[in-house]
*Asks:* 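Take this structure first; my questions come after.
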Protein chains: 2
Amino acid sequence: MKAKKPYNCGIGPAFEVIGGKWKAVILWELHAQPRRFGELKRLLPDISEKMLIQQLRELEADGIVHREVFHEVPPRVEYSETKLGASLNAALGPLADWGDRYAKRAGAAR
Amino acid sequence: MKAKKPYNCGIGPAFEVIGGKWKAVILWELHAQPRRFGELKRLLPDISEKMLIQQLRELEADGIVHREVFHEVPPRVEYSETKLGASLNAALGPLADWGDRYAKRAGAAR
DNA sequence: TAAGGTACTTACCAGAACGTATGTATTGAA
DNA sequence: TTCAATACATACGTTCTGGTAAGTACCTTA
């Protein structure tokens with residue numbers, strides 16, 4: 001996302017935070033439990049490593065996810081939802097439901 | 001939006017429909033009442049005419065907005081929400097609220 | 001000694017998204 | 001006869017997103 005426009009509603013800011021192709025699904029995967037980088041990679045095989053970290057970093061910068069490094073023998077990093085992230089996830093719920101119904105409808109129409 | 005991936009949740013399909021920079025705000029403007037093309041142009045001065053029709057056409061193709069032409073002396077075209085569009089707008093409500101709070105918080109932080 | 005797992009980083013590039021500018025058809029008003 | 005208003009259409013160029021491929025540093029296991 002690029003432009004910072006004076007939006008008349010909250011959709012603008014929200015889209016700047018979860019816009020793009022992957023952020024919403026990443027956040028979704030973090031909803032149930034914290035995940036390691038490698039776990040996310042396996043859970044979302046279609047996203048490249050580059051995109052995965054890039055999006056995680058942006059989500060971190062926006063206060064949506066928390067990153068914790070464990071200084072262990074094989075390095076370990078865990079990503080988890082912040083409170084803000086959880087509230088965003090909740091706000092995405094109705095939209096996800098709508099998308100489900102829409103996809104079903106569109107699928108049935110064919 | 002380009003890729004048609006098998007998403008694990010409804011966010012994917014939803015984003016394919018209201019993704020992009022303008023669709024959500026356009027839909028928002030149609031919520032209260034139907035609007036003419038020129039009205040939308042005036043209401044959303046930042047969007048170019050090209051983008052406006054392009055997005056309206058895509059929303060129409062997805063069954064989100066309805067387009068009605070009145071064969072009058074100066075041509076008149078009205079765009080309105082379909083039922084599906086209204087349900088999408090409703091699903092966007094919580095996200096818009098979240099965005100409002102987020103923007104307020106971010107604004108206050110500076 | 002080489003291979004493999006961890007979590008990244010970097011360079012390069014194609015294609016999509018978006019913007020600007022201009023053109024079109026119709027009619028009525030000046 | 002020229003201008004303005006309607007609702008677009010089209011060409012062209014830039015900017016941004018996302019993808020591929022390769023490399024880094026550390027340690028463990030075979």
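In what follows, every chain begins at residue 1, and chains take the letters A, B, ... in the order their sequences are listed.
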*Asks:* Nearest of C/dT6, D/dT20, C/dC18 to any side-chain atom of A/S48?
*Replies:* D/dT20
*Asks:* Let me know the distance between CD1 of B/I47 and P of C/dA17, rounded to the nearest Å.
*Replies:*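 From B/I47 CD1 to C/dA17 P: 14 Å.
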*Asks:* What's the closest nucleotide to the side chain of B/K50 if the choices are C/dT20, D/dC8, C/dT9?
*Replies:* C/dT20
*Asks:* Hey, is the main chain of A/P13 close enough, under 3.5 Å, to the side chain of A/E16 for a donor-acceptor pair?
*Replies:*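 Such a contact is absent between A/E16 side chain and A/P13 backbone.
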*Asks:* Classify A/E49 by what it touches in the nucleic acid, base, sugar-phosphate, or nothing, heavy-atom distance under 4.0 Å.
*Replies:*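 It contacts base atoms.
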*Asks:* Please pick, from C/dT6, D/dA7, C/dC8, the nucleotide with the shortest atom-to-atom distance to any side-chain atom of A/F37.
*Replies:*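 Closest of the options to the side chain of A/F37: C/dC8.
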*Asks:* C/dG19, C/dC8, D/dC8: which one has an atom nearest the side-chain heavy atoms of B/K21?
*Replies:*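 Ranking C/dG19, C/dC8, D/dC8 by closest atom to the B/K21 side chain puts C/dG19 first.
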*Asks:* Would you check if there is a donor-acceptor pair between the side chains of A/E60 and A/H66 at a distance under 3.5 Å?
*Replies:*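 Result is no, nothing qualifies.
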*Asks:* State which of C/dC8, D/dT10, D/dC8 makes the closest approach to the side chain of B/V77.
*Replies:*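 So the nucleotide nearest the side chain must be D/dC8.
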*Asks:* By the 4.0 Å heavy-atom rule, please label B/F70 as base, sugar-phosphate, or nothing.
*Replies:*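 Contact class for B/F70: none.
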*Asks:* Heavy atoms from C-beta onward define the side chain here; which of C/dA7, C/dC18, D/dC8 lies closest to that of B/W22?
*Replies:*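 Minimum distance to the B/W22 side chain belongs to C/dC18.
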*Asks:* Looking only at side-chain atoms of A/M51, point me to the closest of C/dG19, D/dC8, D/dG18.
*Replies:*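 Shortest atom-to-atom distance from the side chain points to D/dG18.
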*Asks:* Touch check for B/P75, heavy atoms < 4.0 angstrom, all strands: base, sugar-phosphate only, or nothing?
*Replies:* base
*Asks:* If you define the side chain from C-beta out and look only at heavy atoms, does anything of B/V77 sit under 4.5 Å from B/R67?
*Replies:* yes
*Asks:* Name the closest nucleotide to the A/I53 side chain, picking from D/dG18, C/dC8, C/dA21.
*Replies:*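 Of the options given, the side chain of A/I53 lies nearest C/dC8.
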*Asks:* Does A/F70 have A/R76 sitting over its ring (NZ/CZ under 6.0 Å from centre, angle to axis within 45°)?
*Replies:* yes
*Asks:* Which of the following nucleotides, C/dA7, D/dG18, C/dC18, is nearest to the side chain of B/Q55?
*Replies:* C/dC18
*Asks:* Would you kindly give the CZ-to-C1' distance between A/F15 and D/dT17, to the nearest whole Å?
*Replies:* 16 Å
